[in-house]
Each structure stands twice: as structure tokens, then as C-alpha cells.
2 protein chains.
Amino acid sequence: MATVSRVLNAPDAVSPKTREKVEAAIRTLRFVPSAAARAINSGRTRFVGALVPTLDNAIFARFLAALEHKLAERRLSLVVATTHNDPAIEAEKAKTLVDIGAEGLIVSGITHDPALDDLIERCQLPAIATSYHDPDYHLPTVGYDNAAATALALDYLAGQGHRDIAVVHGPLANNDRTRARLAGLDQVDRAVALQFFETEIAIPGGCRAASAVLAAHRRVSAILCFSDVLALGVLFEMQRNAVRVPDDLSLMGIDDLAASAHSEPGLTTVHLPVSRMGEASATAIAGWIETKERPAPVLLAPDRIIRGSTGAVASG
Amino acid sequence: MATVSRVLNAPDAVSPKTREKVEAAIRTLRFVPSAAARAINSGRTRFVGALVPTLDNAIFARFLAALEHKLAERRLSLVVATTHNDPAIEAEKAKTLVDIGAEGLIVSGITHDPALDDLIERCQLPAIATSYHDPDYHLPTVGYDNAAATALALDYLAGQGHRDIAVVHGPLANNDRTRARLAGLDQVDRAVALQFFETEIAIPGGCRAASAVLAAHRRVSAILCFSDVLALGVLFEMQRNAVRVPDDLSLMGIDDLAASAHSEPGLTTVHLPVSRMGEASATAIAGWIETKERPAPVLLAPDRIIRGSTGAVASG
DNA sequence: TAGGTTGATGTAACCAGTTACATGTGTCAA
DNA sequence: TTGACACATGTAACTGGTTACATCAACCTA
């Protein structure tokens, strides 16, 4: 028994001929070591859980891809669960992840069910809040400043002379990221009239919002979407209605999806460093698990990307 | 000890007052049951692993979303690992998943490293191959007939009078799905001249392929992309070059992404039922784990979706 | 009141490994 | 030849739960 364990974990400590005998026995007996038995001794299960709103938005897929990749480097696996922005589902799935042995948790934003906070507290579980920045939050945040991102966008549009702007955003319910982005607009010190359009964060949602913008009484010269997915939907709808972008209407997004760089016109947007966020989250949670030391919050700067979908308003 | 276990798993078997005492003790002692210890007894870890080529393509994200959802109904969690279409990485990550205790594996396609087959064999691990259909494969497949999907597409284009068609596809290396789709073209019994363009499966890949198509000596009247992501890239590139779709060139994809229904023009495509595939995979693997009985292969029919991106060739 | 039954609770074996420690064997120098 | 030491290997305790079984008290019936 002990020798088998040594062959598997420290082959050098066993003489070559015993090792070979054991290895032969392992093969003939089809012996497969039990992960649970190993876990009970090491206290390690070697996986962490990530709770994301959805996989349908490429922005989360990109985040998870980076997270998974970096975790794998630290020999950690990734369990994924989707919450559909419902704190109750999030808390429930978090419970399941803990029940199966997750060593840490990655969550989105800072709005959560008390049951989730309680779970993290009780289990003394390393947990990181992403897509958000708040150094005072009770969990370390790894993310960007959502308000700064929209401020960056609106500031640019205003700087281009736009005074009437439609803002297309996702549902406000249970979504602190969207609310923070909304709040960011107030940081811009310019005289701009805003009209707000709430819709589902998906291509059809963008299309519907675009129709609503076109149907609105007050005309706008630019549309700011809080997500590139929405902007892409808007772009398609504009093409359908023969509204030229950016000649008739400027369009700006936030996220910087892969598609945004290659659409026609290319989408002016604010790049959110979700890949780096995935890597930073992986590093933070892995470090926390290994050293037992809570990591510091990480703030990642968003970045304005100017492409062809925006133009200046002819003065006068 | 036994009583604590009973309070947690069968509260009715304990008298109310003992139960309360135990619950109070659990709270004050911050007792959290160990997942590993439970797993060692039940022999269940309650999670399965999925190995997908990438998360960047929305098609896999949609598959995983459905898979995760349906697994959750069966009280199973999902561990996700990406392979980048590299069989060696796939085998390595599969090993990691088994090491941490995955009760089953979901893989893509039927081209794998021998090490993976060996692992599945040795561990007697329930494993399902998706995105493919082959009733004779040594693992049960849950998927669609890739050859049938492209045949459906090419047949439609040929029926619309197209005789010169460009085929834009992803890398052939290590990708049996792409090769099967290529083989499907031969099933179409029509006189059609095909030109092939291999590129990376992503929007920029589609853009580059589109440029290549436009630069080719021989003109085509239609482009068939083996993936909607590619078709979207092609569409953007055509817009950039003022090539009208479908007036100047018909464009057809395969996948039916969310974006495809709402692009301008809407993308004619072959719908691949990846959500149903996710659900069916979840049902199959969960059933296999619970009943120990290997499930039957599942064949899901692809479906032609005609939208605005294709048109008939004017005869003569 | 004795005996049977029921329900609650404690005891200890068990799951499948890891690891500290004890034992055994072989090599080498004195 | 013997003691010292290194190295290999076996033994048993330990991880943290679950569960079969034993025990015991309370209640009901004969």
C-alpha cells in the first residue's frame, strides 16, 4: 500500500525492480487511484468554481478562457456555473460548488444574495469578485472601473460634438455593473442630452433598441451601447434601415469583442481587459489558496479604441 | 459523529432537540463537511469534465451553456477545459480531470490521442463524443452528421443555380469535423466547381478568406462557410469592399449563431442543434453514471435555414 | 409486570489513500 | 567481524465522513 503510493508520488524513493513490479500490478489490476482518497489527505481538490451570468456573451467566454488557461498553469481546474444574473441561483450554485469541494470561488460583481456571503464566510472560502473595482468591498475585486469606462466613452462622443446621445444598456435589475456604467455618465462634465433604452444584452436586444431609437421623437447623433453585443445588433439594424454609420449616426460600444475590430465599419469602443482579468483572477485565487493570504484588489484600466463607427458632428 | 451525519443527511431520523443541539454546535464550531470525505464514501464526486476546442466560438459556449444547465438538473457540475484542437493537450487535460475525480468526460469529435482512449479504457470512464455522429465509434456519439450538414448547404446553393462556389473552412489538422464537412460536399450529385480556402475559425479568419476569394482568378457566385463565424467575417469584408450580398455574391454558413439571424442580410445557414446536443450529452452522461449502462448514440438532424444572404443565379 | 416493539443515539468498522515510524537489508569503514 | 549508516520496504495510524450494528430507553400489549 505505502509502496504503491510511493511509486505513484515519489518513484525515486523506490528501487527500480519493486517499482516495475508495482507498475505491472497496477496495469494488470487496472488500478486507478481514487481522487477523493487523495483529496482527503492533501486537503486539496485542485479545482475552483466560477459563477458567471451567462456563456452566451462572448465577453464571459473570453474571460473564462483566460481564467481556465492560467488556472491550468497552477494545476487547478475550473468548474463553471451560470447564474443568469439571478442572485438566488448564484447562491444555490455556489453551494453546489462548495459541496463538491471547490477550493475557491470567482463571482461577477458585488451584488449577491446574503446566503452567498454567508457561505463564503462560514467556509472561510477564498472568493474573488470580478468585472468590478471596489477596494472597500468585503471580497478582493479583480476588474475594471465600470463608471470610468462609460465616462471614457461619453467623454469621447461629447468631444466629437455629439449633444444628443442614446444610451442602450442591459437590465438594471441585479446588475451592479450596468448601474455603475450608468453612474459613470454623470462623471462627464459636458452638456449632453441622454435618452436611455434598456434591453436584453444580446444581438436581438440591440436590434430592438435600435428600432426604438429610430422611432423616438427626439433625434440623436450618436448611440452609446454598454456592450459591444448590443452595438453589433444596433449596427445590423441600422444597415437594415439604411442608416449610415457613422455618417448619419455614430455608434460606440463597450467591451471590444473580436468581432468589433472587423465589422464594417469597425466599432469604436472601450476595451475591457477581460483576458487580463481572467489571468489576474486566476493568479489571485491560486495564490490565496496556496499561501492562505488574501490578495490585494486588482484594478485594470479600460482603454478607448477609436475605429470607424464614430465621427465628428459638423459644427452648426 | 454519526448523529451529526444524520442531522445533515436525514434530519427526520433525529429527534428535534438533538437536531437543534447539533445544529447549534455546527454553527458555533463553523463546521463545514468535507467534500472529499463524503466522496470517498459515496464514490461520487458529482461533476463531469468537458473538453472543448475553444470558448471563443459562440457555438461551443452555447453547447456548454445547455450542457451545464441540464447537468445541474441532475445535480452534476461541469468542469471545463479547452484543448485548442491539440490532441496532446486534450489527453493531458483529460488526465487532470480524471485526477481530480471527474465521473465522466465529454469530448469533441472522434480524433483523439491514444493516451486519451487508454485513460478512458483504464478508468472505465463514461465518455461521450460530441459534434459528430458515428454509431460504430468506440464511444457513444451525441451529435449531428457533419457531412449531411454541408451536403444540405451545397445542395441548396447548387439548386439556386450556383456553379462556381468558394468553400471557406477551418484548419484540417486534427479536426475530423472539418474533414467530415469537406467529405459531405462529395455527396452532392451536381456539377459544381469548388475552390477551397482554409483559414482560422474566427472573424478575422473569415475576413482574410473573403479577401482571398475576391483576389482569386476564377470568380464565384457563392461562398459556403463551414462556420457562421467565418461567414460573418466574410460578410463584413464584403461590406468593406462594397460587394453586395446576395446581389453580387451569395453567402451561406453553417451553425446558426444568434448573430446570424439578425445580421443584414440575415445569414442563410444550416442550423446545428448544439443546445439540444448539450442537453442530450448531459442526459446521456448522467444516465451512464447513474445506471452504469452505456447510452445509445444520439443523432440530431441539422436544419436548413434560408435567410437573405443567398439568392438565385440569373439563368443564362 | 414481563416481553416485544419502536425510535433514538452511540460505537466502531469502513472507504482509499498518505505518511510517520519501525523494521529489515546491504554496504562500507574501522 | 562488527558497528554505523543509508536505503528500501512494511506496518499502522490518520484523514473525515457514512453506515451497519449494538445499545438503550420508552411505550404498548398480553
Side-chain angles (χ1 to χ4, degrees), chain A residues 1-47 49 75-77 95-104 119 122-126 289-290 292, chain B residues 1-47 49 75-77 95-104 119 122-126 289-290 292:
Chain A
M1 196 70 251
T3 307
V4 177
S5 182
R6 277 185 283 257
V7 169
L8 262 35
N9 303 312
D12 293 341
V14 182
S15 78
K17 71 172 191 294
T18 334
R19 192 188 327 160
E20 267 171 52
K21 268 195 288 182
V22 171
E23 279 167 353
I26 285 176
R27 273 192 299 276
T28 56
L29 295 174
R30 299 166 154 275
F31 171 82
V32 179
S34 143
R38 190 180 313 117
I40 211 175
N41 286 291
S42 63
R44 301 285 315 262
T45 53
R46 303 214 76 86
F47 65 87
R75 308 213 305 119
L76 284 168
S77 294
K95 178 86 175 62
T96 320
L97 296 183
V98 170
D99 274 348
I100 65 172
E103 293 191 66
L119 179 76
R122 267 204 338 269
C123 304
Q124 298 282 304
L125 198 68
I289 291 169
E290 280 158 22
K292 313 269 183 203
Chain B
M1 199 66 252
T3 307
V4 176
S5 182
R6 277 186 283 256
V7 168
L8 260 36
N9 303 311
D12 293 341
V14 182
S15 77
K17 70 171 191 296
T18 332
R19 193 189 323 162
E20 268 171 52
K21 268 195 288 183
V22 172
E23 279 168 355
I26 285 177
R27 273 192 298 275
T28 55
L29 295 174
R30 296 167 155 275
F31 171 81
V32 180
S34 143
R38 191 181 310 118
I40 210 175
N41 286 292
S42 64
R44 300 288 310 265
T45 53
R46 305 214 72 89
F47 66 87
R75 307 212 304 119
L76 285 168
S77 293
K95 178 88 175 63
T96 321
L97 296 183
V98 170
D99 274 349
I100 64 172
E103 293 191 65
L119 179 76
R122 268 206 335 271
C123 304
Q124 297 282 302
L125 198 68
I289 291 169
E290 280 158 22
K292 316 268 184 201

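Every chain is numbered from 1 and lettered A, B, ... according to where its sequence line falls, protein lines coming before strand lines. Keep in mind that this is a model prediction, so the values were computed, not measured.
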> Could you walk me through whether B:V98 and B:L125 pass the side chain to side chain contact (heavy atoms under 4.5 Å, CB included) check?
Replying inline: CA-CA 9 Å; B:V98 170; B:L125 198 68; 3.6 Å; yes
>> Applying side chain to side chain contact (heavy atoms under 4.5 Å, CB included) to B:Q124 and A:V32, what does each step give before you reach the verdict?
In response: CA-CA 10 Å; B:Q124 297 282 302; A:V32 179; over 6 Å; no
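Atom P of nucleotide D:dG17 and atom CD1 of B:I40 are separated by 12 Å, given to the nearest angstrom. Rounded to whole Å, atom P of D:dG17 lies 12 Å from atom CG of A:D99. The CD1 atom of B:I100 sits 17 Å away from the C1' atom of C:dG17 (whole-angstrom rounding). Taking atom CZ on A:R6 and atom P on D:dT9, their separation rounds to 8 Å, with Å as the unit.
Heavy-atom nearest nucleotides on DNA chain D were determined for B:T3 and for B:A36, and the one closer to the 5' end corresponds to B:A36.
The listed nucleotides are D:dT18, D:dT11, D:dT15; the one nearest the side chain of B:R38 is D:dT18. Of all nucleotides listed (D:dT11, D:dG17, C:dT18), C:dT18 comes nearest to the side chain of A:N41. When the nucleotides D:dT18, D:dA12, C:dG17 are ranked by their closest atom to the side chain of A:F31, C:dG17 comes out on top. Of the candidates C:dT18, D:dA20, C:dG17, C:dT18 carries the atom nearest the A:S5 side chain, counting heavy atoms from C-beta on. Distance from the side chain of A:A2 is smallest to D:dG10 among C:dA16, D:dG10, D:dT19.
Interatomic distance, A:E103 CD to A:S77 OG, rounded to the nearest 0.5 Å: 10.5 Å. Note: B:I26 CD1 to B:L8 CG = 5.0 Å, rounded to the nearest 0.5 Å.
Of all heavy-atom pairs spanning A:F31 and A:V4, the tightest one is CE2-CG1, 4.2 Å.
The backbone N or O of A:D99 sits less than 3.5 Å from a side-chain atom of B:R38, completing a donor-acceptor pair. Between the side chain of B:R46 and the main chain of B:R75, a donor-acceptor pair closer than 3.5 Å is present.
Against DNA chain D, the stretch residues 7-29 of chain B makes heavy-atom approaches under 4.0 Å through B:N9.
B:S34 comes within 4.0 angstrom of the backbone, heavy atoms only, and of no base.
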